[in-house]
Every structure is written in structure tokens, then in C-alpha cells.
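Reviewing the structure listed below.
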2 protein chains.
Amino acid sequence: MRKKRIKDSKKSREDILRAAEEEFSDKGLYGTRVDEIAKKANINKRMIYEYFGSKENLYKAVLVEVYSRLSQIEIESLKNEGSCTQKIRNIIEVYFKFIRDNPSFVNMVLWENLNKARYFNELDIKAIKDPTITLLRRIIEEGKQNGSFRVDIDTDQIIFSILTFTFSYYSNRYTMSALMRKKLDDDKNIQSRIGYVTDMFLKYMSV
Amino acid sequence: MRKKRIKDSKKSREDILRAAEEEFSDKGLYGTRVDEIAKKANINKRMIYEYFGSKENLYKAVLVEVYSRLSQIEIESLKNEGSCTQKIRNIIEVYFKFIRDNPSFVNMVLWENLNKARYFNELDIKAIKDPTITLLRRIIEEGKQNGSFRVDIDTDQIIFSILTFTFSYYSNRYTMSALMRKKLDDDKNIQSRIGYVTDMFLKYMSV
DNA sequence: ATATTATATAACTAACCAGTTACTTATATG
DNA sequence: CATATAAGTAACTGGTTAGTTATATAATAT
């Protein structure tokens, strides 16, 4: 027997959003059942439609939620002091760890890619992410000017590579773990991967 | 009005599999409708159950199909002659182009990762992929011995990186195209990416 | 205290969907 | 030619699901 809820629209909204994040990141827009979200949030299904209007809108709300969470951390870490080399080292580590600790972010990005980034574009998520890319670009350009980095490297390619390397370690961990016969989410493996990736980038970029 | 089929079990089976590949790679196991596959294959739904038993089994058949297709190309390309450096250069290009030309492969891998590689492991797909990884490992080890590559690089990390770089360019192309404000499936961008990736790896690996 | 309204619930509906049944038709072989 | 059987079809079933309706109750303002 489910206990009755005390009336608290803010908490209800949060409960729904949290349950929806778990379900959508796990099963996607199609695979998720609205009834299941209601059950998990311990709330009547009707309330989901009260607060979010439709299953699709709820999905979009989850997408915005997970992306905002990343953006905050990114901006935080990019403000750190130190040499350009140190900043690159730092951002790779911060990314890796954020992604390790936020599997629902990874999954939502995968769902979006399978969906041809439909909601991603509808919501203009790139606006949320833009400050990070701009900052990364600035660090690399600064490194080129002060002689830390080679001037002939392609800034965009490097940014793209950093994002790819960190994200994909997790996004493909299930098939890759099987192929490489290694548990990729093992902490020891993560740490050595971070070291290797950082090393490779800096060797490539440095003068 | 749909035209009647001539009796031809082999063709029917192929029609079903081809339609299923399109649907499953696009919409996943849950999102795909068996009726839709039947319609696309221009065949009665009953026949899908005749030949494949269940929706799930049909999905598995598609997974085996797309992986076998890659394996053939991989093994072919790895047999090529040339220096170790040339072989690495060659495999990166072959991978990139296979993946560009086989979007359903990319999608099936994404679906599997979202599904925690469930069918991938059930079917023991790693057995299909193993020869490739073994061959790649052999090339890198050979390069270390004959003095082309540094002996202190980690072979597994390099293999992992090569697979990641090629695959992820496509798997994340929709969100990344938005973020980088660039059409990643544009041929010019693909070509310059291949050049950059190859360059970076070889610079890192070479003595 | 009472009226108002935001928040909550149970039960319903119309559409959908995987898998099945009961049946028909085309083709190959003796 | 006859007939066995492989290949095909239409229509159904039982269960599920997104979204709705009608109604109840707790909090708040007056």
C-alpha cells in the first residue's frame, strides 16, 4: 500500500524529474513507461501530465538537467589557475571523472545521437555548452602564443579529440570491455587511461 | 494494394533481414515495430515468426550480420603489405571509411552499449572480432621489434585509441556537429580528420 | 470557520502491438 | 496428374500504454 503524499509541488516535480532521469537514461524515450516513472517517483501518473504536459516534454526536461550539470563543472574547472599545460591536464581529468560519476549523462547523449540529436537541437543545448568550448579554445590559443604549444596544431581537432576521448571511454565501455577483456570501469584502468591520454595529447601539442 | 509474393524462402529471409536491419538500427529493439518490418519487407508478419522465431532473435541475427560485415573488411585490410607505419596508416583509413559507409553498424553498437552489451555478449561477438585485435596487436609488436615504434608505448592503449577515434567520429556526429558548428559527415571534414588522427598516432608511436 | 484553489487519486479509454490461429495457394516430385 | 509440403495470407487475441476524466482532499486567504 502506497502512502499518501503531503502536498508539495516543488518536491513532486523534483521526484518526477529524478525518476524520469533514471528511466529515460536507462531505456530511452520509447522504452520508458510513464507508469514506471510514476511508480518510481511514488506519485500519481496524472501529476506527470500536470507538471510536464507530456512524456516528450519530460524527456526534454531531463536532457536539459543533465547537460546543465556538466556545464557547471566544466566552467568551474576551466577557471583554475596554472600553466596552459596544467590546464589541459586538469580539464582531461575533470572530464573523465565527471563522466565516470554521471552515467545518465553519457546515456542521454547516446540516446540523442541515435535520435539524430533531435531534442538536443530543439532545445539548443549547444548554447549551454558553448562557454566551455570557447574557454578550451582560448586556453589552446594562449598556449600557442606563449610558446607552450606548437602553432601548427589545429585547435578544433584537439578540442574534438579531447571531448571524444573522455566521453567514448565510457560510452563504449560495455562492448569495449568485452573486446579488450578488461573491466573498463575499474578504477585502476581509469587512472592509467587518464595518464595515457594526457601524455599523448601533451606530447602531440607541446613544442 | 500490395502485390503477392512469388514463393522463394531464401529471398524472403533476406528481405526480412534487410528491412529489420534498417528498422532496428534506426529505432532499437523496443522502438521497432514488427509490423513495420513486415511492411518494409513486403511480406506477411507471420513469415517473420516462421523464419526467425521472435523479434528478439531477429534482432540478434541483425547484430551478427553487421559485425560479420566489418570483420571481413578488417581481416582483408590487415593482410596488406608494407611497413608497420604504412599498415597503421592503412587500418585507420579503412576503419574510417567502413564506418562512414555503414551507419547501421554504428547504430547497432550504440544500441548494444545502451543495452549493456547484452546481446553482444550472449552471441559472443568478441569471438568474431578477436582475429582483428590479435592482428593489430601483432603489427604494433612487430613495429616495436624492428625499431619503427617506441618500445615503451602500451599496445592495448593504442589499439583502444584507434578503435575509439574512428568509431566515435561517427557515433557522436549528431551532437558533435551541433557543438562544433561543422558538418562532420562532410567528405572534406572526414578527410582532414583522418589525416590529423593518423598524424597524431604516428607521432606518438614512432621512435 | 469557510471558500477557494492547488495538489492528489483511481479508474477509464482508445490505440497499439507481439505473437497466434486457421486457412489458402504455389511448387516440386513420384 | 496427384498430392505433399513449403510458403503465403487475413484476421484475431490478450495484454500494454499514453493520455484523460471525474472526483477528493489538504493548504491557504479572507
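Just so it is clear, the values below take in all heavy atoms, side chains as well, and ignore hydrogens, waters and symmetry mates. Every chain is numbered from 1 and lettered A, B, ... according to where its sequence line falls, protein lines coming before strand lines.
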Any donor-acceptor N or O pair under 3.5 Å, side chains A:Glu21, A:Ser104: yes
Whole-Å distance separating the CD1 atom of B:Ile48 from the P atom of C:dC17: 14 Å
Degree of bending in the helix from C:dA1-D:dT30 to C:dG30-D:dC1 once both end axes are built from five pairs, to 10°: 10°
Electrostatic pair A:Glu93-A:Lys97, nearest N-O below 4.0 angstrom: yes
Carboxylate-amine/guanidinium proximity below 4.0 Å for B:Arg69 and B:Glu65: yes
For atom NZ of B:Lys10 and atom C1' of D:dA6, their distance in whole Å: 17 Å
Side-chain ion pair, A:Lys45 and A:Asp35, N-O less than 4.0 Å: yes
Under 4.0 angstrom between A:Ser12 side-chain N/O and C:dA8 OP1 or OP2: yes
salt_bridge(A:Asp15, A:Arg13) N-O dist < 4.0 Å: no
Sugar-phosphate only, base, or nothing, as touched by A:Tyr51 at under 4.0 Å among non-hydrogen atoms: sugar-phosphate
Result of checking B:Phe96, B:Tyr174, B:Tyr196 against B:Tyr169 for ring-ring contact (aromatic ring centres under 6.0 Å, His included): B:Phe96
Protein-nucleotide distance (B:Asn42, atom CG; D:dA7, atom P), rounded to Å: 17 Å
Rounded distance (Å) that lies between atom P of D:dG19 and atom CD1 of A:Ile16: 14 Å
N-O pairing of A:Asp199 and A:Lys203 below 4.0 Å: yes
Passing candidate, ring-ring contact (aromatic ring centres under 6.0 Å, His included) with A:Phe24, options A:Phe52, A:Tyr119, A:Phe105, A:Tyr59: A:Tyr59
Output a table of nitrogen or oxygen pairs between the protein and nucleotides 18-22 of chain C separated by less than 3.5 Å.
| from | atom 1 | to | atom 2 | distance (Å) |
| --- | --- | --- | --- | --- |
| C:dA18 | OP1 | B:Thr32 | O | 3.2 |
| C:dA18 | OP1 | B:Arg33 | NH1 | 3.3 |
| C:dA18 | OP1 | B:Lys55 | NZ | 3.2 |
| C:dA18 | OP2 | B:Val34 | N | 3.1 |
| C:dA18 | N7 | B:Lys45 | NZ | 3.1 |
| C:dG19 | OP2 | B:Tyr49 | OH | 2.9 |
| C:dG19 | OP2 | B:Lys55 | N | 3.2 |
| C:dG19 | N7 | B:Lys45 | NZ | 2.8 |
| C:dG19 | O6 | B:Lys45 | NZ | 2.8 |

Interatomic distance, A:Met47 CE vs D:dA18 P [rounded to whole Å]: 17 Å
B:Glu141 and B:Arg137 ion-paired at < 4.0 Å: no
Spacing of A:Ile43 atom CD1 relative to C:dT9 atom P, expressed in whole Å: 7 Å
d(NZ, A:Lys39; P, C:dT9) in whole Å: 16 Å
Whole-Å distance separating the NZ atom of B:Lys11 from the C1' atom of D:dA6: 17 Å
